[in-house]
Amino acid sequence: RERERGGARGGGERTGNTCRKFLASMRSLALWAAAVAVVAAAPGYFNVVQTSEAGDRLVPQPAINASATPRPGATTLSVDPTTLLQRIEGFGGAFTDSVAQVFAKLNASQQEQVLEAFWGPTGQRYNMARLTIGATDFSTSEYSYSMQDGDFNMTHFSISHDLQLIVPLVQRAQQKVAATAAVLRRDEGLRHGPQHQKHQQQQGGDHSLHFVSTPWSPPAWMKRNKRMRNSDNPGLIESDQVHSAYALYLSKYLSAYASQGINITKMTVQNEPHVAGQFFATYPCNGLDATHARDFLRDFLGPRMRADHPEVKLFIHDDQKDIMVDYVNTVLSDPAAAVFVDGIAFHWYGANLHNYQYLAAVHAAHPDVPLLATEATLESPVQQKIRTTPWKEAQKYAVDIIGDLNQWTTGWLEWNVLLEDGGGPTCIGPADSNVCLPDVGYCDAPFLFHTKEKALEIRDSYWHMAHFSRYIPRDSVRVLTGPHTGGLNVTAVVTPAHELVVVVLNTLEQAIPYQVQIGSSFYAASIPAAAIQTLTASLDP
């Protein structure tokens, strides 16, 4: 897999669409502006949990009390909970074919452990998920939902492959999320009283699992190279009949999943559309440069989706950050294509951890279009012991989440949530065969299953992710923080329960004394070397 590890728009229809998005966003932020306005003073103290290389895993620390006097020599992190920025939709990971295959190998107790760890109230509380449309590099075979050559009307369309393992796993995760939502609502009522519970009911909070689906490759018979693996650029046969059939194929997929109770609310046009012309190690892909993506979206996919699935939001790009600006501008500079664009998806690759200026540029050019991080993964477990350390690799999660959130990202999804201990399985190999080469394209995952010992391992990335997903619920709103300084990275949100959440990451190999500043109040603390802390405080008077 090709990874780095470690314009103006116009037109009446587009203008109307933009205005609707803007007004909806403003209504959402207005609710929080009213909520934050009741804050008479900074909070009296912060509760703190900490994860560290020394062994802490979400361990509570002594509370940090407010003081009117700053600590001399401490790094100051300013937070302004009254300056509201973007709404946060959530956090999650991907259900790939490989994830489902590994999950099926677990015993009943281990399966419940995984479900609780990611979607349960004592776990990550994931509320977003990525689904793959057909085979990917993280599959155990090549497959599509249209195996009959020339089936332009999708008469033989079938998701029978997914019904075996993927759909049942997703449905169990949905059930766990529903149970989690009930627990969280109950706990919120106990903590904040009936008045808060009434407020939440009036808000109509959405605690469901939100899905974004992504295609890797069209069926082989629709492609110029006649194979799912590898791709020309463009990958699709350049005919209206094929383009129309592919749009119908994607629509049928959404309908088929909906029939299983899995209502997908977002779809990206293409996974990593820059991938084409691979060499020996190939996998399903579809070259789709910006002009071809624009035309396919404008003339085929957009109209089909608005007719068949008007509730589904379409996201463009879904590729590396460092190539996103021109791609996005090319698509959105055409008003007839832009009217179908509901968001911009991206992956963390491309000058990894040093690429946030591209998000800033895209947001500056298109401030009404949401940004969504849809994929991030780490070196395989073996490579982590050779080129880096597992802890340093895991810390990249926190660096990137903070960097993305601080540049207007609304959600963050990791790649596979569960793999075998080597970092597979994958199905990558020569383009002219269906052979899956061993140990190729392997990556890390937050949970690994050791196949010989039949045991689960929780990786360090799991705990870094927990500092965000467990404390930043849907409909939280990011608030203004000062710039990163002195080796500390920071982001902050106000939650629907009127809590201020501040996440602090130490990227240095030494402990750092710091203080959070809110107005004229200071909260002095210290963070160990290479550690992460989440601070929470009530903003209710």
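Counting only N and O atoms by type, the side chains of Asp295 and His292 include no donor and acceptor under 3.5 Å apart. Residues His309 and Ser255 have side chains that bring a donor and an acceptor to within less than 3.5 angstrom of each other. Using a 3.5 Å distance cut-off with no hydrogens or angles, the side chains of Thr96 and Asn416 do pair a donor with an acceptor. For His363 and Gln407, the side-chain atoms include no donor-acceptor pair closer than 3.5 Å. In this model, no donor atom of one side chain and acceptor atom of the other lie less than 3.5 Å apart for Lys223 and Ser231. Side chains of Asp319 and Tyr349: no donor on one and acceptor on the other come within 3.5 Å. Residues Asp318 and His347 bring a donor and an acceptor atom of their side chains to less than 3.5 Å of each other. For the residue pair Asn153 / Thr155, no side-chain donor-acceptor distance below 3.5 Å is found, with atom types taken as modelled. Counted by atom type alone, Asp137 and Thr426 present zero donor-acceptor pairs between their side chains at under 3.5 Å.
Aromatic ring orientation, Tyr397 versus Trp412: perpendicular (interplanar angle above 60°, classes split at 30° and 60°). The aromatic rings of Trp216 and Trp415 sit parallel, their planes meeting at an angle under 30°, below the 60° perpendicular limit.
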Evaluate the side chain to side chain contact (heavy atoms under 4.5 Å, CB included) criterion for residues Trp221 and Phe152: first the C-alpha distance (whole Å), next the side-chain angles of each, then the deciding distance (0.1 Å), finally the verdict.
CA-CA 10 Å; Trp221 61 269; Phe152 294 102; 3.6 Å; yes
Step by step, would you call Asp299 with Arg294 a salt bridge (Lys or Arg N to Asp or Glu O under 4.0 Å)?
CA-CA 9 Å; Asp299 300 333; Arg294 175 199 64 202; over 6 Å; no
Report the C-alpha distance between Tyr126 and Phe91 in whole Å, list the side-chain angles of each, state the deciding distance to 0.1 Å, and finish with yes or no for ring pair (Phe, Tyr, Trp, His ring centres under 6.0 Å).
CA-CA 6 Å; Tyr126 278 177; Phe91 300 87; 8.0 Å; no
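Under a 3.5 Å cut-off, the side chain of Asn225 and the backbone N or O of Gly235 do not form any donor-acceptor pair. At distances below 3.5 Å, not a single donor-acceptor pair connects side-chain atoms of Ser98 with backbone N or O atoms of Gly424. For the pair Arg130 (side chain) and Phe211 (backbone), a donor-acceptor distance under 3.5 Å is absent. Under a 3.5 Å cut-off, the side chain of Thr282 and the backbone N or O of Ala431 do form a donor-acceptor pair. Looking only at distances, a side-chain donor or acceptor of Ser139 sits under 3.5 Å from a matching main-chain atom of Thr136. Side-chain atoms of Thr268 do not come within 3.5 Å of backbone N or O of Phe315 as any donor-acceptor pair. A donor-acceptor pair under 3.5 Å is formed between the side chain of Tyr462 and the backbone N or O of Ala117. With Arg229 contributing its side chain and Glu142 its backbone, the two residues share no donor-acceptor pair below 3.5 Å. Using a distance-only test at 3.5 Å, with no hydrogens or angles considered, no donor-acceptor pair links the side chain of Ser244 to the main chain of Gln241. Of the possible donor and acceptor atoms, none in the side chain of Asn355 sits under 3.5 Å from a partner among the backbone N and O of Asp322.
Side-chain contact between Val212 and Leu413 is present, with heavy atoms from C-beta onward closer than 4.5 Å. Side-chain contact between Val275 and Asn230 is absent, with no heavy-atom pair separated by less than 4.5 Å. No side-chain heavy atom of Thr388 sits under 4.5 Å from any side-chain heavy atom of Gln383. Between His156 and Ser146, the closest side-chain pair of non-hydrogen atoms is not below 4.5 Å. In this structure the side chain of Leu254 reaches within 4.5 angstrom of the side chain of Met305, judged on heavy atoms. Side-chain contact between Val362 and Leu371 is present, with heavy atoms from C-beta onward closer than 4.5 Å. In this structure the side chain of Leu301 never reaches within 4.5 angstrom of the side chain of Phe340, judged on heavy atoms. Residues Val177 and Ser208 are not in side-chain contact: their nearest non-hydrogen atoms beyond the backbone lie 4.5 Å or more apart.
In this structure, Arg459 does not pair ionically with Asp421, as no charged nitrogen and carboxylate oxygen lie closer than 4.0 Å. Salt bridge status for Asp334 with Arg298: present, with a side-chain N to carboxylate O gap under 4.0 Å. Using a 4.0 Å cut-off between charged side-chain N and carboxylate O, Lys105 and Glu420 make a salt bridge. A salt bridge links Glu89 to Lys266: at least one charged side-chain nitrogen sits closer than 4.0 Å to a carboxylate oxygen. Classification of Glu311 and Arg306 as a salt-bridged pair fails, no side-chain N sitting under 4.0 Å from a carboxylate O. Comment: Asp206 does not engage Arg87 in a salt bridge, judged by the lack of any side-chain N to carboxylate O separation of less than 4.0 angstrom.
Interatomic distance, CD1 of Ile133 versus CE of Met267, reported as 5.5 Å (0.5 Å rounding). With rounding to the nearest 0.5 Å, the separation of CD in Gln175 from CG in Leu209 is 12.0 Å. With rounding to the nearest 0.5 angstrom, the CD1 atom of Ile428 is 11.5 Å from the CZ atom of Phe280. Between the OG atom of Ser469 and the CD1 atom of Ile401 there is a distance of 8.0 Å, given to the nearest 0.5 Å. The CD atom of Gln111 sits 10.0 Å away from atom CG of Leu456, with the distance rounded to the nearest 0.5 Å. The structure places CZ of Arg224 at 9.0 Å from CD1 of Ile237, a figure rounded to the nearest 0.5 Å.
No close placement of the Phe138 and Tyr283 rings is indicated, their centers lying 6.0 Å or farther apart. Between Phe296 and Tyr246, a ring centre-to-centre spacing shorter than 6.0 Å is recorded. Annotation: His317 is in aromatic contact with Tyr327 [ring centroid separation under 6.0 Å]. Taking the six-membered ring wherever Trp is involved, the centroid distance between the rings of Tyr257 and Tyr253 falls below 6.0 Å.
Results of the side chain to side chain contact (heavy atoms under 4.5 Å, CB included) test with Ile88 over Asp475, Val477, Thr409, Leu405 single out Leu405 as the only residue that passes.
Closest of all the heavy-atom pairs between Phe157 and Tyr249 is CE1-O, 3.5 Å. Pairing each heavy atom of Pro219 with each of Met228, the nearest pair is C-CG, 4.4 Å. Here the closest heavy-atom approach between residue Pro381 and residue Gly422 is recorded as CD-O, 3.5 Å. For Ile458 against Trp463, the heavy-atom pair with the smallest separation is CG2-NE1, 3.6 Å. Heavy-atom minimum distance, His464 versus Ala398: CD2-CB, 4.0 Å. Tyr145 and Thr132 get closest at one heavy-atom pair: OH-O, 3.7 Å.
Listed by first and then second residue, the salt bridge (charged side-chain N to carboxylate O under 4.0 Å, His left out) pairs involving residues 403-419 are Lys321-Asp404 (not counting sequence neighbours).
Scanning for side-chain hydrogen bond (donor to acceptor under 3.5 Å, both in side chains) contacts around Gln270 gives Asn286, with sequence neighbours left out.
Under a cutoff of 6.0 Å and an axis angle of 45°, Arg478 and Trp408 form a cation-pi pair.
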